[in-house]
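Computation of the quantities below employed the complete heavy-atom set of this structure, encompassing side-chain atoms and omitting hydrogens, waters and symmetry-equivalent molecules. Numbers here are sequence positions counted from 1.
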Amino acid sequence: QVQLLESGGGSVQAEGSLRLSCQASGRAPSWFTVAWFRQTLGQGRDFVAAITRITSNERYYAPSVEGRFTISRDSAKNTVYLQMNSLKPEDTAVYYCAADSSASYSNSPVDYDYWGQGIQVTVSS
C-alpha cells in the first residue's frame, strides 16, 4: 500500500511563496504519475499540476497556475514538490497530492489511486 503525506502548507500573503511536499511511503514505482489537486469547501477537486514517471518527467499545469507553480520530483526521497510563487487569494484551498499507477498523464481525480489527507493553503490579500 502506498501512503502519501503532504507538508509545507500554511498561511501567506498575496505575492508570497510556499513549497508543498508530498512524500510517499510504501511502494511507489517510478512509473507513477504524481499530481496535485486543490479543493474548497463543497466543491470538487481541481487539477493543479502533475509530473509523469521519472523516465519521461513530463510536467503539466492548470492554466490558472501556469508560470507561477512548479512541480518537481526527488526520487531519492520519494517526494514530489509543488513550488508556489506569486500566490493569489484565489489559490486558497486544501491541497492534495495523488498518485496514479498508470503510465499516462491524467488531470482527472478519478484516475488516481492514492491520495494524501490534504493540507491547507491560505493566501490573504
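- Interatomic distance, CG of Leu5 versus SG of Cys97, reported as 8.0 Å (0.5 Å rounding).
- In this structure, the side chains of Phe32 and Val2 come closer than 4.5 Å at one or more pairs of heavy atoms.
- Heavy-atom neighbours of Gln117 CD from other residues, nucleotides or ligands within 6.0 Å: at or below the threshold of 12.
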Problem set entry | Test log, rule side-chain contact (heavy atoms from CB on, under 4.5 Å), inputs Phe37 and Asn107 | CA-CA 9 Å; Phe37 294 81; Asn107 63 3; 5.7 Å; no

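- In this structure, a donor-acceptor pair under 3.5 Å is present between the side chains of Ser106 and Asp111.
- Put simply, the side chain of Thr52 gets close to the backbone of Glu58: a donor and an acceptor are under 3.5 Å apart.
- The salt bridge (Lys or Arg N to Asp or Glu O under 4.0 Å) check on Arg19 picks up nothing, with sequence neighbours excluded.
- By the 6.0 Å contact criterion, CD on Gln13 is open, its count of non-hydrogen atoms from other residues, nucleotides or ligands being 12 or less.
- Separation of the Tyr60 and Phe47 ring centroids does not fall under the 6.0 Å cut-off.
- Side-chain contact between Met84 and Tyr95: present, with at least one pair of heavy atoms (C-beta onward) separated by less than 4.5 Å.
- The OH atom of Tyr114 sits 13.5 Å away from atom SG of Cys22, with the distance rounded to the nearest 0.5 Å.
- Tyr105 and Val48 are not part of a single hydrophobic cluster, where members link through side-chain heavy atoms under 4.5 Å apart.
- One hydrophobic cluster, built from ILVMFWY side chains closer than 4.5 Å, holds both Ile119 and Val34.
- Of all non-hydrogen atoms in Ala99 and Leu4, the two that sit nearest each other are N-CD1, 3.8 Å.
- Side-chain contact between Val121 and Leu18: present, with at least one pair of heavy atoms (C-beta onward) separated by less than 4.5 Å.
- When all heavy atoms are compared, the tightest approach of Ser125 to Pro89 is CB-CG, 3.9 Å.
- Taking each heavy atom of Thr33 and Ala50 in turn, the nearest pair found is CG2-CB, 4.3 Å.
- Across all non-hydrogen atoms, the minimal contact from Ala93 to Gln39 is CB-O, 3.6 Å.
- Side-chain contact of Asp113 with Ser101: a donor-acceptor pair under 3.5 Å is present, judged by distance alone.
- Note: Phe69 and Trp36 fail the aromatic proximity criterion, with ring centroids not under 6.0 Å apart.
- Rounding to the nearest 0.5 Å gives a distance of 10.5 Å between OG1 of Thr122 and CG of Leu87.
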Exercise. Does the side chain to side chain donor-acceptor pair (under 3.5 Å) test come out yes or no for Thr79 and Asp74, once each step is laid out?
Worked result: CA-CA 5 Å; Thr79 300; Asp74 184 342; over 6 Å; no

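- Screening residues 33-48 for salt bridge (Lys or Arg N to Asp or Glu O under 4.0 Å) gives Arg38-Asp91 as the qualifying pairs, with residues at least two apart or on separate chains.
- Side-chain contact between Ser72 and Gln83 is absent, with no heavy-atom pair separated by less than 4.5 Å.
- The distance from the CD atom of Glu15 to the OG atom of Ser86 is 5.0 Å, given to the nearest 0.5 Å.
- In this structure, the side chains of Gln23 and Glu6 stay at 4.5 Å or more apart for every pair of heavy atoms.
- Proximity of a side-chain donor or acceptor of Arg59 to a complementary backbone N or O of Ile71 within less than 3.5 Å is detected.
- For the residue pair Thr92 / Glu90, no side-chain donor-acceptor distance below 3.5 Å is found, with atom types taken as modelled.
- Taking the side chain as every heavy atom from C-beta outward, Thr70 and Tyr61 approach each other to under 4.5 Å.
- Taking hydrophobic clusters as Ile, Leu, Val, Met, Phe, Trp and Tyr residues chained together by side-chain heavy-atom distances below 4.5 Å, Val80 does not share a cluster with Tyr96.
- The distance from the CG atom of Asn78 to the OG atom of Ser25 is 8.5 Å, given to the nearest 0.5 Å.
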